[in-house]
K.L.:
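Would you mind keeping the following structure in view while I ask a few things?
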Number of protein chains: 2
Amino acid sequence: MSDDNEALIDDLSRSIQPRLSDACGALGGLAFWPGGGVGLTSKPIQVSYAYQQIAEEIEAQILRGELKPGDQLPGEAELGTLFGVTRSTVREGLRQLESDGLVHRPSPRRMEVTVPQADQLTTRAGRAMALMKVTFRELWEVTMVTEPLAARIAAQRATADEIEALQQVHADLLAAEGKMARTIELDQQFHTQIGDMARNRVLGLAREPISLLLFRGFAQIAPFAPKFYKRQIEAHSNIIAALRDRDADRAEKWARMHIEDFWRGAQIAGLEDEIALNARALSGQTERQT
Amino acid sequence: MSDDNEALIDDLSRSIQPRLSDACGALGGLAFWPGGGVGLTSKPIQVSYAYQQIAEEIEAQILRGELKPGDQLPGEAELGTLFGVTRSTVREGLRQLESDGLVHRPSPRRMEVTVPQADQLTTRAGRAMALMKVTFRELWEVTMVTEPLAARIAAQRATADEIEALQQVHADLLAAEGKMARTIELDQQFHTQIGDMARNRVLGLAREPISLLLFRGFAQIAPFAPKFYKRQIEAHSNIIAALRDRDADRAEKWARMHIEDFWRGAQIAGLEDEIALNARALSGQTERQT
DNA sequence: TATGCCTGATTGTCGGACACTAGAACAAAG
DNA sequence: CTTTGTTCTAGTGTCCGACAATCAGGCATA
């Protein structure tokens with residue numbers, strides 16, 4: 001494998017500034033400000049550790065295209081000699097890259113460059129939103145534009161097979177009546193699937209974590225609004241029908257009404273400015289890529 | 001500090017399964033499939049390393065709320081004894097959490113729990129979109145709904161000060177005519193600022209990386225469309241005016257026209273299905289939090 | 001050809017070590 | 001009493017060396 005990596009090795013070997021830790025505390029010429037304590041330009045003075053530099057250097061080479069997805073990284077020991085640091089230090093850097101999603105490990109022996117996976121970003125964003133305690137209102141306001149957009153584009157681009165698969169999810173959803181957890185799961189899947197049909201990765205990335213959180217509210221709304229479930233189901237049917245007819249306007253309209261209706265339910269349940277999700281509920285879903 | 005951490009320590013000490021590495025390769029009862037090679041349920045068989053378990057355990061406790069933002073983590077050595085692993089192993093886990101944004105280091109001596117920072121997520125998402133080579137079309141389709149939404153809500157919620165600040169950015173933008181890099185920067189800031197005025201963190205999270213990438217196209221459009229720059233500026237003026245009047249509909253309308261116009265420019269420049277950004281361009285901006 | 005075995009390279013984890021520094025406690029000076 | 005300087009200690013970044021487990025690949029065997 002060393003033949004294949006010759007080039008990589010050459011590229012990677014921008015050796016780390018020797019003995020960074022020594023230079024850590026060195027605060028770069030901090031100008032004295034005569035006007036008193038206030039107004040001092042508070043520069044962050046960020047220290048840079050060796051393991052960070054390792055991660056940054058490799059990351060930069062990935063972004064610059066010198067390392068492409070699929071390329072295999074040299075061994076840890078080799079990286080160590082290349083950068084002039086110990087294997088332990090290299091490892092810490094690799095862990096960062098790993099959880100950044102820029103490298104992954106197809107086999108425990110190989111470490112290769114990859115592009116961040118969508119589901120990983122979704123988890124990340126969802127976690128962040130939960131931790132920053134976003135409200136249903138915030139989620140809803142955005143969903144109010146993303147889902148109709150997804151439906152509209154999906155009507156133009158979805159394949160017949162995809163629409164069929166969506167129909168199947170809808171059927172499963174009907175069959176799951178009464179089982180709340182399953183209902184929510186299938187409801188989310190329904191929307192995710194429409195999102196995928198739009199063939200827009202940006203939209204997919206943006207809407208997924210949001211709808212994931214928002215539609216959990218289902219469980220909190222249903223008990224308060226008897227007809228809520230039925231209306232939601234009907235909306236789904238209408239969306240599917242519109243998709244079948246390739247009627248973008250109608251698909252968009254029904255999606256909008258669907259989300260509007262969701263909001264009415266949320267209002268009845270008094271959820272408007274409630275925190276959408278105590279992060280605890282997400283704790284089970286941590287899926288760290290390996 | 002050990003007094004304050006007594007509770008944390010108790011909580012944290014769910015000790016890691018002893019000797020995980022030994023159980024690594026153990027492939028869980030793989031059922032033999034008599035029908036031939038095809039149809040075998042290819043289970044991922046994910047091994048779990050000690051450093052991952054450390055990260056996951058601490059992460060879970062953060063999500064569960066047992067560790068709250070601002071809490072200080074015990075020292076590495078202490079964590080090591082709590083989990084029953086070496087300090088090196090703990091460190092690798094901490095590096096993951098660090099780049100996940102769940103913990104950070106206000107001072108090189110303290111490691112405390114925090115909620116993921118928005119700008120970090122933005123960087124992450126932007127990098128991912130660049131690496132997956134999204135097209136201008138994908139970005140534009142989503143921007144076409146996010147920016148009008150941001151403008152609409154901003155018209156309802158922005159403070160007078162914020163509108164004033166926006167006006168200032170606009171003035172700077174006018175003054176920067178001809179300087180492309182600066183123009184793009186200020187244009188992005190203009191939109192970001194409107195996004196912030198909407199006081200919707202979900203919207204902010206969703207739209208920021210997208211607009212960041214999309215509006216870079218400015219540089220590629222301007223040379224092809226002489227009047228493009230002027231029209232964009234005018235649209236900005238009109239948006240500000242609408243915000244001043246608290247006219248949500250008009251703000252939304254102008255934002256939409258603004259983005260539509262951007263698309264016309266993109267068409268003239270032939271960018272529709274071009275890759276929005278070679279990731280290289282992002283490589284300079286890596287800002288790893290410390 | 002397909003199977004089993006052996007070997008080298010790589011990885012996960014360990015334990016110990018050292019220099020350096022932030023933070024606190026303390027002493028001296030205005 | 002506040003401000004400045006000193007000392008000490010715990011904790012961090014980095015290094016070193018080591019070991020068991022495992023994967024990849026070559027080789028021998030059936």
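The sequence lines fix the lettering, A, B, ..., with proteins before strands; numbering per chain opens at 1.
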K.L.:
Ignoring the backbone of S107(A), work out which of dG13(D), dC16(D), dC23(D) is nearest its side chain.
P.N.:
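Given the options dG13(D), dC16(D), dC23(D), the side chain of S107(A) is closest to dC23(D).
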
K.L.:
Would you kindly give the CD-to-P distance between Q72(B) and dA22(C), to the nearest whole Å?
P.N.:
16 Å

K.L.:
Can you tell me if the side-chain N/O atoms of T89(A) get under 4.0 Å from OP1 or OP2 in dC15(D)?
P.N.:
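Affirmative; the distance criterion is met.
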
K.L.:
Taking only Lys NZ, Arg NE, NH1 and NH2, and the carboxylate oxygens of Asp or Glu, determine whether E92(A) and R95(A) approach each other closer than 4.0 Å.
P.N.:
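A salt bridge is absent here (no side-chain N lies under 4.0 Å from a carboxylate O).
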
K.L.:
Tell me: CD of Q53(B) to C1' of dG12(C), nearest whole Å?
P.N.:
12 Å

K.L.:
Let me know the distance between CZ of R91(A) and P of dT14(D), rounded to the nearest Å.
P.N.:
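Result: 16 Å.
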
K.L.:
Atom CZ of R105(B) to atom P of dG23(C): distance rounded to whole Å?
P.N.:
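Answer to the nearest Å: 12 Å.
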
K.L.:
Distance criterion of 3.5 Å, no angle test: do you see the side chain of R109(B) paired donor-to-acceptor with the base of dT21(C)?
P.N.:
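Checked by distance alone, the answer is yes.
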
K.L.:
Among residues at least two apart in sequence or on other chains, which ones pass side chain to side chain donor-acceptor pair (under 3.5 Å) with T89(A)?
P.N.:
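T89(A) satisfies side chain to side chain donor-acceptor pair (under 3.5 Å) with no residue once adjacent residues are dropped.
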
K.L.:
Let's see if you can work this out: which of dG12(C), dC14(C), dC15(D) has an atom nearest to the side-chain heavy atoms of T86(B)?
P.N.:
dC14(C)

K.L.:
How long is the gap from CE on M111(B) to CZ on R105(B), to the nearest 0.5 Å?
P.N.:
4.0 Å

K.L.:
How close or far is atom P of dT10(C) from atom CZ of R110(A), stated in whole angstroms?
P.N.:
13 Å

K.L.:
Could you tell me the separation between the CZ atom of R95(B) and the C1' atom of dG12(C), rounded to a whole number of Å?
P.N.:
17 Å

K.L.:
Using whole Å, what does the distance between atom P of nucleotide dT14(D) and atom CZ of R87(A) come to?
P.N.:
16 Å

K.L.:
Give S88(A) one of three labels, base, sugar-phosphate or nothing, depending on what nucleic acid heavy atoms sit under 4.0 Å from its own.
P.N.:
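The answer is base, as S88(A) lies within the cut-off (heavy atoms under 4.0 Å) of a base atom.
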
K.L.:
Tell me every residue that passes side chain to side chain donor-acceptor pair (under 3.5 Å) with Q189(A), counting only those two or more places apart in sequence or in another chain.
P.N.:
Q193(A)

K.L.:
To the nearest angstrom, how far is M111(B) atom CE from dT12(D) atom P?
P.N.:
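One finds 8 Å between P of dT12(D) and CE of M111(B), rounded.
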
